[in-house]
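A short worksheet on the structure shown next.
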Amino acid sequence: MSESRIATARQAVNTAVASLRTTSGSTTGQELFDTVAFWQFVIRQAQYEVLHGIARLENEGEFAEQKVRPAPAVADLLRCTPGEARRMVAVAESVFPTSLAGQALEPLLPATATALGGWEIDRAHAEVIERALRTDAARRLDPDTWADVEMQLADWARLDRPDELARLARILLDALDQDGPDPDGEEPLVNELHLSKNRTGGGGRIKGRLDAATFEVVSRAIQAHLVPNDPSVTGE
């Protein structure tokens, strides 16, 4: 889409918003309730597009090209707190994941993605779900149960406030995770490795979380392919 078409579309939105603002200024009673609810519906659409845009900036290598990390970049771009930016990036990655080749993948939170895409829930609801399903209690669930929980939370999100949803999520996960962590107190083994190429094709980024044994294997494999005595990379 050309820059002129984008500018024209943005101006159309601004004109429509201004017209609605002027028209709704004299509303009262039920019509005023309906107008407030409609504004929230508009906000949900905008939130969805913001998340989609954040995902694209990360997946298409725009952040990497600017040599900035996603969360700090989002905080600067949207003038929000670092914590809010981190939550938005986490939701964007879960709702709009892509492969290393840039192909769209199935959402990590499919039911949440559907509710967001249908403008049925707020971004705050999605943040609650994403955060709940990253807890140790959620990670101890088997995959099928984890998927059922995600679907249930998305359904509750359509009816409840984010704070109510967070409370229900805690109750549900506590009920499903009655055994709790392993008696020896060790953290569950989690192996996650994410590689993303720069859009320009020049290098990319690696991030992940590995248990001790896997880290050692990956570390040795990487160092075996590096230029000898390269001071920029160490195993520490």
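Residue V91 is not grouped with residue M151 when hydrophobic side chains (ILVMFWY) are merged at heavy-atom distances under 4.5 angstrom, including chains of intermediate members. F33 and V36 sit in two unconnected hydrophobic clusters of ILVMFWY residues. Membership requires side-chain heavy atoms under 4.5 Å apart, directly or through other members. No continuous path of ILVMFWY side-chain contacts below 4.5 Å connects V13 to I43, so the two sit in separate hydrophobic clusters.
Looking at L20 and W39, their side chains come closer than 4.5 Å, going by heavy atoms from C-beta outward. At least one side-chain heavy atom of R10 sits under 4.5 Å from a side-chain heavy atom of I6. In this structure, L116 and L51 have side chains that are in contact, with non-hydrogen atoms separated by less than 4.5 Å. Looking only at side-chain heavy atoms (C-beta outward), E84 and L78 stay at 4.5 Å or farther from each other.
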Kindly determine whether Q47 and D122 satisfy side chain to side chain contact (heavy atoms under 4.5 Å, CB included), including the steps that lead there. CA-CA 8 Å; Q47 289 178 337; D122 295 336; 4.0 Å; yes
Inset, instruction - Determine, stepwise, if the pair D34 / Q30 fulfils side chain to side chain donor-acceptor pair (under 3.5 Å). - result: CA-CA 6 Å; D34 294 341; Q30 185 59 47; 2.9 Å; yes
| task | May I have the step-by-step check of side chain to side chain contact (heavy atoms under 4.5 Å, CB included) for I121 and T112, ending in yes or no? | result | CA-CA 9 Å; I121 65 175; T112 306; 4.2 Å; yes
TODO: Evaluate the criterion side chain to side chain contact (heavy atoms under 4.5 Å, CB included) for residue pair Q11 and T15; output intermediate values, then yes/no.
DONE: CA-CA 6 Å; Q11 184 57 48; T15 300; 3.4 Å; yes
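In this structure, G117 and Y48 approach most closely via the heavy-atom pair CA-CE1, 3.3 Å. When all heavy atoms of R87 and E127 are compared, the closest pair comes out as NE-OE1, 3.4 Å. Counting all heavy atoms, side chain and backbone alike, A111 lies closest to R158 at O-NH2, 4.5 Å. Summarising the geometry of C80 relative to M88, their closest heavy-atom pair is SG-CE, 3.6 Å, with the distance given to 0.1 Å. When all heavy atoms are compared, the tightest approach of A73 to F63 is CB-CE2, 3.6 Å. When all heavy atoms of A132 and A169 are compared, the pair lying nearest together is CB-CB, 4.0 Å.
Rounding to the nearest 0.5 Å places CH2 of W119 at 8.0 Å from CD of E49. Atom NE2 in H125 sits 9.0 Å away from atom CZ in R161 (nearest 0.5 Å). Distance check: E150 CD to L108 CG gives 9.5 Å after rounding to the nearest 0.5 Å.
Of the possible polar contacts, none joining the E62 side chain to the R56 backbone as a donor-acceptor pair under 3.5 Å is found.
Clustering of Ile, Leu, Val, Met, Phe, Trp and Tyr by side-chain heavy atoms under 4.5 Å joins V149 with L109, V128, I129, L133, L141, W146, L153, W156, L165, L168, L172, L173, L176.
When the options T135, D177, T145 are evaluated for a side-chain contact (heavy atoms from CB on, under 4.5 Å) with R140, the one that passes is D177.
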